[in-house]
Amino acid sequence: MAFPILTSLIALPIAGAILLLFVKDDEAQAMLPRQIALVVSVLVFAETLLLWWHFNPTLSDFQFVERHEWIPAFGISYSVGVDGISLLLVVLTGFLTPIALLSSWESVHKKTRAFCICILLLESAMLGVFVSIDLFLFYVFWDAMLIPMYFLIGIWGYDRRVYAATKFLLYTMAGSVLMLLAILGLAILSHTTTGHYSFDLVSLYDLQIPPNLQFWFFLAFTLAFAIKVPLFPFHTWLPDAHVEAPTAGSVILAGVLLKMGTYGLIRFSFPLFPLAASFFAPYLGVLAVVGIIYGALVAMVQPDLKKLVAYSSVSHLGFVVLGITAMNVQGVQGAVYQMLNHGVSTGGLFFIVGMLSDRRHTRLISEFGGLKSVMPRLVAVFLIVTLSSIGLPGLNGFVGEFLILLGTFTANPRLASFAATGVILSAVYMLWMFQRVNYGPVSNGKNAALSDLKPREWAGILPVVVMAVLMGILPNLFLRPIEPSVEHMLSQVRQGAPAEIRASR
Amino acid sequence: MPIGAYSAIVPMACVAVAGIASMTAEAFRAPGERMPIGPLGAIGLIGAAISAVLLWGRDTGSFGVVSGDNFGIFVTCVLVVVGLLSLAFSSPAIDREHLPGGEYYALMLFATAGMMLMATATDLLVIFLALEVLSLGVYVLTGIRRDSPLAVEAALKYFLLGAFASAFFLYGIALTYGLTGTTHLAGVGRAIAMQASHPTPITIAAITLLLVGFSFKVSAVPFHMWTPDAYEGAPAAVTGFMSTGVKAAAFAAFARVFLAALSPLHADWAAIVWVIAAATMIGGSVIGVAQTNVKRMLAYSSIAHGGYLLVALVSGGDVGKGALLFYLATYAVTNLGAFGVVTLLESGHRPNDRVSDYAGLWYSHPVLAVLMTVFLLSLGGFPPFGGFIAKWYVFTAAVDAGNVWLAIIGVLTSVVSVAFYLRIVVMMYMTPAEERIDVPPVPPIAGAALFASAAIVLYLGILPTHVLNWAAASVATLF
């Protein structure tokens, strides 16, 4: 039997969390839990790289599949596997968790052990979401993930943390419970057609779902994912959660959690319900474009750095959804790529905002100015990450946005042209923010003596910069494993789509 | 091995004997002498557990009115767990508040015996007797703090309304007897199946009266009015006991009467139970949001959980019945655990049961806070805890039976209920304590019981297969 690499990936952070339970919870020895958690998360990252190494990029099917019966009476199994779509998201999760830990290394100083346990449990749940190929298992991880995130925001967040945490949890949960019913409906439909319950994704892909049910199921799934993404107009929880979360929480929230929504669209909503998907895709596309422009405009006027980055996420994730709704290879591939980009760049941005906020205990843009002369290294890194978020050619953001716009243009030129304004707007708000924070004279005396990047911060931010450059100049390294799975997924959608749509593509 | 005619009553006999023993022990106790009466009850309950396990799969019966079928045994086992945990949580409360130990334990054990009888009875009159046995015990336990006006009020209210509901129930039995000429469930079922497909007004009246009686006992909306007062007034350990044990016994009998005997009329009563289930879920969870007292909040929470159980009941079928049993088991352990924490936080001179008393609990008593969180999250239906699997099972039953709207109401109200469970969590973790509440040290047995409950909750959430299969096997033999 092959080594259960995916199970060990999920289990490793949990094991680390259990190990932490035996570490003395002592304010004086707050370093030890952090170090253990960091070691564990780096090991997990190494293992995700190993996974990538052994991954066969020419196949479109799920690889490293493990199946064990869980609740056999209802056809529920513990089934995990990765394909090209989830592989890099798994790697991204592994990549960002140690960075998140580093980002809150010093700013979190109460109950460090519990904090590290939350981060590790969160990592397990996130990995579980991406590798589950049983819908029930997926839902378990999807819902379980809310708990550690809730505590991260609620305990270690800023002033309005309780409000933000509660809103986050209730909002996301309200969206996902209907998905649970749709999952149940699918399993029961499988029971009536094939005679046995099944939650297995691969067999549910082949299920013939009547059109009216497809519509309801699609709506239930997509509502859950749209809230998570967050797609306009379901985004209101996001700015609160981001602003109040501790830096580590923001990094993971922006870097990984939001991707679960778009991942869900690609993995579940579209291929499971192709008929409904083709019907609703144009509407989703419109919402995505509204989100792109709305998010950008709102980001522009934010006085708070964190809120600005949060709204920029709404805008960027709009691009991802837009790419998915294009339903062609460029669009979806670009969407997956942009998910990775956004994880790297926005994760990095939140890290840097966290650094500024640690130093000054404020995140207001007006409090800063002229940082370039005070902390040249930090500002240099800041610049690279900002440009990567804008989508400067040569850095990662460009590739994703370009592919998405290309795909969208083939499917719907009008939407693409509206969306393209978002690219310009993102340059406006990001560069304007960058200029106000970093250039000009040092107007505020409190900024004059700020320290530059510390070794710990270097260790966290350097990988982000390297990835931003690497993904910008070697996109094929990342696109290659994605492509077969994306094509497979699109062929599934096309097979189930109505005839006129099949003809037009 | 020959199995006598008495075998089906052995479990409840064990418990009843333990109850008599504790009463006797109390009578012979010298003033001031400490006597371990609680362990006597534990011995009786363990005896009940062993005999129940031995009876599994044998489908025995005693006197024609008590059935040792798997359904009854499953509920009996749940009741044993309820009894054991309640005993463990009671002992600190008894010591602290100087409650009369012998009477307390005896009443609790007699009530448990009554619950077991109710879960296994196959005759309407025996169900009624069992109902009275368990109710009388619980009425007195509710008011056992005689010097507390709140407790006395609660007990009186509970007693008056309960007696009223019992009368309804008895009238329903009388009408059923008039219709069918028997009170035995199998006979009732046969007679009803033979009668015309259109039920007469008398049949409807009989069903309605039985339904009112059961609805009161499971505190379904709109028959729930007594619940918050009784739950708040009683000592927390008693509240935990009655919110789980009474519910388990009443739902077992409810299922026996409605899903077996009255199943030919399913179409007629399902519509009413549908409405009651929806009202119970909505009422319990929405009113729960406004509570500031933890015990009242958990009272409304248990009302809402009764609604989910009703969903399983109205959905029927093998899935629905299995879901009912699994939900009962999970809910019993989880809710008892939550009330266990509430009990352990009570101190001699003040109940510490306002939500604001929980502020900062995580910082002062991290273990208690984390255990409470496990129970609350499980009640809220989060994975990987048992409550999630239980809710999922119930909703599967609902969707399977075509009650999609009931399932939608169910999932949405469970989000609402999460809102109030979170209020306690917010207090424990995210609110600094204004004044430190003094919490007495946790006795080892109660602590072990809490850990055991949390372990069971996790077990049911992560590896539910065994219990799930037992629940499914329990309903296969009965109906």
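Any value given below was found using the heavy atoms of this structure, including those in side chains, with hydrogens, waters and symmetry copies removed. Chain naming here is simple, since letters A, B, ... match the order of the sequence lines and numbering starts at 1 in each.
- Looking at B/T373, the atoms closer than 4.5 Å to chain A (heavy atoms on both sides) all sit in the side chain, from C-beta outward.
- Separating the CG atom in A/L181 from the CZ atom in B/F395 is a distance of 7.0 Å, to the nearest 0.5 Å.
- The line from CG of B/L422 to CE of A/M173 is 9.0 Å long, rounded to the nearest 0.5 Å.
- Summarising the local packing, CG of A/N212 is surrounded by more than 12 heavy atoms from other residues, nucleotides or ligands at distances under 6.0 Å.
- Both the backbone and the side chain of A/I71 come within contact range of chain B, each with at least one heavy atom under 4.5 Å from a heavy atom of that chain.
- In this structure, the side chain of A/W70 engages the main chain of B/I462 through a donor-acceptor pair within 3.5 Å.
- Atoms CD1 and CG, on A/I76 and B/L468 in that order, are 8.0 Å from each other to the nearest 0.5 Å.
- The two residues B/G381 and A/D143 make their nearest non-hydrogen contact at O-OD2, 4.3 Å.
- At a threshold of 4.5 Å between non-hydrogen side-chain atoms, the residues B/V426 and A/Y163 do not count as touching.
- Rounded to the nearest 0.5 angstrom, B/Y363 OH and A/I155 CD1 are separated by 5.5 Å.
- When heavy atoms are compared at a cutoff of 4.5 Å, B/V370 does not approach chain A at all.
- The two residues B/M430 and A/R161 have their closest heavy-atom pair at O-NH2, 3.6 Å.
- Between B/F388 and A/Y139, the ring centre distance stays below 6.0 Å.
- Under a cut-off of 6.0 angstrom, the local environment of CH2 in B/W56 is crowded, with over 12 non-hydrogen atoms contributed by other residues, nucleotides or ligands.
- Within a 6.0 Å radius of CZ in B/F451, no more than 12 heavy atoms belonging to other residues, nucleotides or ligands are found.
- Put simply, of A/F141, A/F151, A/W156, the one with the most heavy-atom pairs under 4.5 Å next to chain B is A/F151.
- The side-chain heavy atoms of A/V162 and B/Y429, taken from C-beta on, include no pair separated by under 4.5 Å.
- Considering only heavy atoms from C-beta on, B/F385 comes within 4.5 Å of A/I147 through its side chain.
- Minimum interatomic distance between A/A174 and B/V415 (heavy atoms only, all atoms of both residues): CA-CG2, 3.9 Å.
- Rounding to the nearest 0.5 Å gives a distance of 7.5 Å between CG of A/L180 and OG1 of B/T396.
- Put simply, the side chain of B/D400 reaches to within 4.5 Å of the side chain of A/Y197, judged on heavy atoms.
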